[in-house]
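Proteins get letters first, then strands, A, B, ... in listed order; numbering begins at 1 in each. Given the structure is predicted, the values throughout are model-derived calculations rather than measurements.
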2 protein chains.
Amino acid sequence: MREDAATGGGLSTGDRLLSVIEVLGSQDGAGVTEVADQLEIAKSTAHAHLRTLYDRGYIVKRDGTYHLGLRFLQLGQAAKQPWDEYSFIEEKVEELADESEIRAQFLAPEHDEAVYVYRSTGRHSVPTDSRVGVRIPMHSVAAGKAMLAQFPGDRVDALIDRHGLPARTDETITDRAELDAALERIRERGYAINEGESWEGVRAVGAPVLTPDGDVFGGLSVSGSPHRVDPEGLADLVMGAANEIKLEFQYE
Amino acid sequence: MREDAATGGGLSTGDRLLSVIEVLGSQDGAGVTEVADQLEIAKSTAHAHLRTLYDRGYIVKRDGTYHLGLRFLQLGQAAKQPWDEYSFIEEKVEELADESEIRAQFLAPEHDEAVYVYRSTGRHSVPTDSRVGVRIPMHSVAAGKAMLAQFPGDRVDALIDRHGLPARTDETITDRAELDAALERIRERGYAINEGESWEGVRAVGAPVLTPDGDVFGGLSVSGSPHRVDPEGLADLVMGAANEIKLEFQYE
DNA sequence: CATAAACGTTCGGAAATGTCGAACAGAGTA
DNA sequence: TACTCTGTTCGACATTTCCGAACGTTTATG
């Protein structure tokens, strides 16, 4: 289920460099030995990779260990730019959070996973939501299921071949037939519900965001503890916001 | 003034991979041929690098060209985490923007450059400021000069050896003696002024943010068009905020 | 305080792999 | 139809990366 780098015609050295980056990103701070151990490579090899990243200014030495540098912040902003271009997306997320008084988020599909792009808690204006940038299996979140339901069948097949249906809680859908039934219901209703399928005790309501051409652009959702999330009441709000985004595309 | 990659014991392949990433980040969208041309490498080589990045999910194909993927957004968040840890930094920036009614920003020193980490316009709550993540020569901005003034002399020497004193406008300080004099004045007053040294017609007032140990942690500044930026009046505000951050460190 | 352990660093050699150029296929254009 | 522009694949050479061992330094430990 995981590509073995060099197997696919890729560059194994570049591949390893990316692994080093991931090691540094998945924890805060690592030394040469730690990187070497985690990737099962020689210390001298890890050292060479770290030196490459350091000389280029991509990583930083702090408290004696290496950390990802702010150059990645710049790359992250560049990666997000296509969405920032359409400023109404983020605005709609904040609007949604204000009106629903719970968290609202916009996720984009990428490489068959869902990625948090915008997130808001409403008036609280919580600074820097830590979940932005996080990738999550599409079948385990409301916005993701809403997107999945719009994909053609063969794309869903390919997605499951690549990633499977990993469980995140006891409630996560792990069975293909069950998923198909769920997607069918979502298409009928126009919105998706997540009942603790990603985090215990978190309910969410999501809808797909489509372009005027009918392509899947992303997914919107609101989420919170079950007693604050009334699916019936919120569905219209979320679908309405998704539709408004779709309409905005035409006048941009 | 630019390191020539392989010269320093780094891995030339990994180095090239980073160059490919930078090409994609510095413009929106590039094809195989375009990347190859810009880096002056064979098309097949560029193809191999792009494939490596693609297989790993770091880049995306959209409209027939490659773009940076949202995985960089995740890495960017991870890189920013050390600052998010101290939530009062971002809060102070927003406070500063509210009180001054102009832009406020926090910059961190990294690899001898200044990097925008937080930025706020006050109540407008402008979504996604595009300048976050941007790197800029320290001597050309107020917060950067404020930090420079706190560095020991040999660190300033090393910095200038590496980056020089590039001009961004006609007003940018490009002479070492002039810089030294400016830094001395900054130390005396406790704050720095930027008079169109980075952007024509933009004035800024900045102060260094120190840790309780006296280390330079970053720089705060407010900026706007000259008639809205009164240095005398704003200096206390900025220095006060910088000092409050320093104090917060002790109770965290 | 001395010793040990752990870390980061450097170095050469053998093996693996990245790079190139040419050739192929496909899309778009004249 | 022919042309030009893409992106892609392939093989062969030469360059590189990688490893392991050894070194110098720092941090723990007795």
Side-chain angles (χ1 to χ4, degrees), chain A residues 3-24 26-69 111 158 213 215, chain B residues 3-25 27-69 111 158 213 215:
Chain A
E3 304 275 338
D4 195 1
T7 319
L11 306 178
S12 52
T13 304
D15 213 79
R16 210 165 272 187
L17 190 81
L18 295 175
S19 296
V20 172
I21 291 172
E22 285 174 16
V23 167
L24 295 183
S26 65
Q27 56 197 70
D28 52 37
V32 176
T33 307
E34 199 170 349
V35 170
D37 286 346
Q38 285 195 34
L39 297 178
E40 296 179 357
I41 55 179
K43 266 198 307 182
S44 52
T45 305
H47 179 72
H49 283 277
L50 288 167
R51 176 198 284 257
T52 306
L53 289 166
Y54 187 84
D55 287 348
R56 278 285 211 131
Y58 280 87
I59 61 176
V60 163
K61 215 181 276 182
R62 195 188 311 135
D63 306 324
T65 55
Y66 291 100
H67 301 255
L68 293 187
H111 282 284
D213 301 334
D215 293 329
Chain B
E3 304 277 336
D4 195 3
T7 319
L11 306 177
S12 52
T13 304
D15 211 79
R16 209 164 273 188
L17 190 81
L18 295 175
S19 296
V20 172
I21 291 171
E22 285 173 15
V23 168
L24 295 184
Q27 57 196 70
D28 53 38
V32 175
T33 307
E34 198 169 349
V35 171
D37 286 346
Q38 285 196 32
L39 298 178
E40 297 179 358
I41 56 179
K43 266 199 306 182
S44 52
T45 305
H47 180 72
H49 282 277
L50 288 167
R51 176 199 286 259
T52 305
L53 290 166
Y54 187 83
D55 287 348
R56 279 285 211 130
Y58 280 87
I59 62 175
V60 164
K61 216 180 276 182
R62 195 188 311 133
D63 306 324
T65 56
Y66 291 100
H67 301 255
L68 294 187
H111 282 283
D213 300 335
D215 293 329

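Considering CG of Asp37(B) and NZ of Lys43(B), their distance stands at 9.0 Å, rounded to 0.5 Å. Between His49(B) atom NE2 and Ile41(B) atom CD1 the span is 5.5 Å, to the nearest 0.5 Å.
For Leu50(B) and dT9(D), the CG to P distance is 13 Å, given to the nearest whole Å. Separating the CG atom of Asp63(B) from the C1' atom of dG28(C) is a distance of 16 Å, rounded to the nearest angstrom. For the pair Asp15(A) CG and dA16(C) P, the computed distance is 18 Å after rounding to whole Å. The CZ-C1' distance, from Arg16(A) to dT17(C), rounds to 11 Å in whole Å. Between Tyr54(B) atom OH and dG7(D) atom P the separation is 14 Å, expressed in whole Å.
By the 4.5 Å heavy-atom criterion applied to side chains, Leu50(A) and Leu24(A) are counted as neighbours. Counting heavy atoms from C-beta outward, Leu11(B) and Arg16(A) have side chains that stay 4.5 Å or more apart. Residues Leu53(A) and Leu18(B) have side chains in contact (heavy-atom distance under 4.5 Å, counting atoms from C-beta outward). Contact check for Thr52(B) versus Tyr58(B): no side-chain heavy atoms found under the 4.5 Å cut-off. You'll find the side chain of Val23(A) stays beyond 4.5 Å of the side chain of Val20(A), heavy atoms only.
Between the side chain of His111(A) and the backbone N or O of Asp55(B), no donor-acceptor pair lies under 3.5 Å.
Look at Thr13(A) and you'll find a side-chain N or O under 4.0 angstrom from OP1 or OP2 of dG18(C). Within the structure, every side-chain polar atom (N or O) of Thr45(B) is placed at least 4.0 Å from both OP1 and OP2 of dG18(C). Put simply, Ser12(A) has a side-chain N or O that comes within less than 4.0 Å of OP1 or OP2 on dG18(C). Residue Ser44(B) places no side-chain N or O under 4.0 Å from the OP1 or OP2 atom of dG21(C). The phosphate of dT9(D) has OP1 or OP2 within less than 4.0 Å of a side-chain N or O from Arg51(B). Taking 4.0 angstrom as the limit, His47(A) places none of its side-chain polar atoms (N or O) nearer than this to OP1 or OP2 of dC7(C). Look at His49(A) and you won't find any side-chain N or O under 4.0 angstrom from OP1 or OP2 of dT17(D).
In terms of heavy atoms, Thr65(B) sits closest to Gly31(B) at CG2-N, 4.3 Å. Residue Gly14(A) comes nearest to Thr13(B) through the heavy atom pair N-CG2, 4.5 Å, listed as atom of the first residue, atom of the second, then distance.
Where Lys61(A) and Glu40(B) meet DNA chain C, the nucleotide closest to each residue was compared, and Lys61(A) sits on the side nearer the 5' end.
Lys43(A) contributes no side-chain N or O that forms a donor-acceptor pair with the base of dG20(D) under 3.5 Å.
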5'-to-3' dot-bracket of DNA chain C (Watson-Crick, G-U; under 3.5 angstrom; crossing pairs as [ ]; | other strand): |||||||.|||||||||||||||||.|.||
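Side-chain proximity of Ile41(B) to dT17(D), dC20(C), dG20(D): nearest is dC20(C). Considering only side-chain atoms of Leu11(A), the nucleotide from dG8(C), dC18(D), dT19(C) that sits closest is dT19(C).
DNA chain C is contacted by Gly31(A), Val32(A), Thr33(A) of residues 26-39 of chain A, taking any non-hydrogen atom closer than 4.0 Å.
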